[in-house]
Trainee: 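Below is one structure. I have some questions about it.
Atoms within a ligand are numbered from 1 in the order they appear, just like the ligands themselves.
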Amino acid sequence: MASPLLVNIAELLRRAGSTREVEKQVDASEFNFSDERIVAGSKVAVDLTLEALTDGIVVRGVLQADWRCECRRCLRSLSGRAEVEVQELYQLVISDPDAYPISGEQLDLLEMTRENVLLAVPLAPLCRVDCPGLCPQCGADLHTSPCSCASEVRDERWAALDALKIDKDQPK
Ligand SMILES: [Zn+2]
Ligand SMILES: [Zn+2]
């Protein structure tokens, strides 16, 4: 199946400095993200400017994608829209190790978009910076239901500290 982000650049390559806009909404399924964070059925927004250089094309612009995952502490579901600014190089003859290839008179923005979107979606987000999470003992959601184990946990910690102190205080 042809890439939905294949761009013909024959025109661009004729004159260094010439530009072309690519503005598209591409279904997330086209990218084969194999990543549950990318919302299935959503659109990835691609808004790029291609500019011809003497030996390639520089691509600049913004990519956006919808993500969904769980707070790493309390497991609440979170969602958002990742936005990433990109500046990438495409070359006919690859001399820059980070460059993407140009094949013939076509350039495919799919893999570049895929890689940048995956880097832009959060890896292990928190619902808020001070998320209290779940009680490690009873599993209660500490946002809403402070459980009775809380004090025991604290007591255990104090006990551990006291034990350390006693060790230190004891003459060797
Ligand atoms: Zn949370
Ligand atoms: Zn608890």
Trainee: If you stand at the Zn ion (ligand 1) and look out to SG of Cys127 and SG of Cys71, what angle do those two lines make, to 10°?
Mentor: 110°
Trainee: Treating Arg72 as the side-chain partner and Ala124 as the backbone partner, does any N or O pair qualify as donor plus acceptor under 3.5 Å?
Mentor: yes
Trainee: Can you give each donor-acceptor pair under 3.5 Å made by side-chain atoms of residues 4-11, sequence neighbours left out, with the distance rounded to 0.1 Å?
Mentor:
unit_1 : atom_1 : unit_2 : atom_2 : d
Asn8   : OD1    : Ala10  : N      : 2.9
Glu11  : OE1    : Arg14  : NH1    : 3.1

Trainee: Only pairs under 3.5 Å count here: list side-chain donor-acceptor contacts from residues 111-119, not counting sequence neighbours, and write none if there are none.
Mentor:
unit_1 : atom_1 : unit_2 : atom_2 : d
Thr113 : OG1    : Leu109 : O      : 2.7
Arg114 : NE     : Phe31  : O      : 2.9
Arg114 : NE     : Asn32  : O      : 3.4
Arg114 : NH2    : Asn32  : O      : 3.2
Glu115 : OE1    : Tyr100 : OH     : 2.5
Asn116 : ND2    : Glu88  : OE2    : 3.2
Asn116 : ND2    : Met112 : O      : 3.0

Trainee: Distance check below 2.8 Å: does Cys131 bring an N, O or S atom to the Zn ion (ligand 1)?
Mentor: yes
Trainee: How many degrees, to 10°, between Cys147 SG and Cys149 SG as seen from the Zn ion (ligand 2)?
Mentor: 110°
Trainee: Less than 3.5 Å apart, any donor N or O on the side chain of Thr49 or Glu21 sitting next to an acceptor on the other?
Mentor: yes
Trainee: Looking from the Zn ion (ligand 2), what is the angle between SG on Cys135 and SG on Cys138, to the nearest 10°?
Mentor: 110°
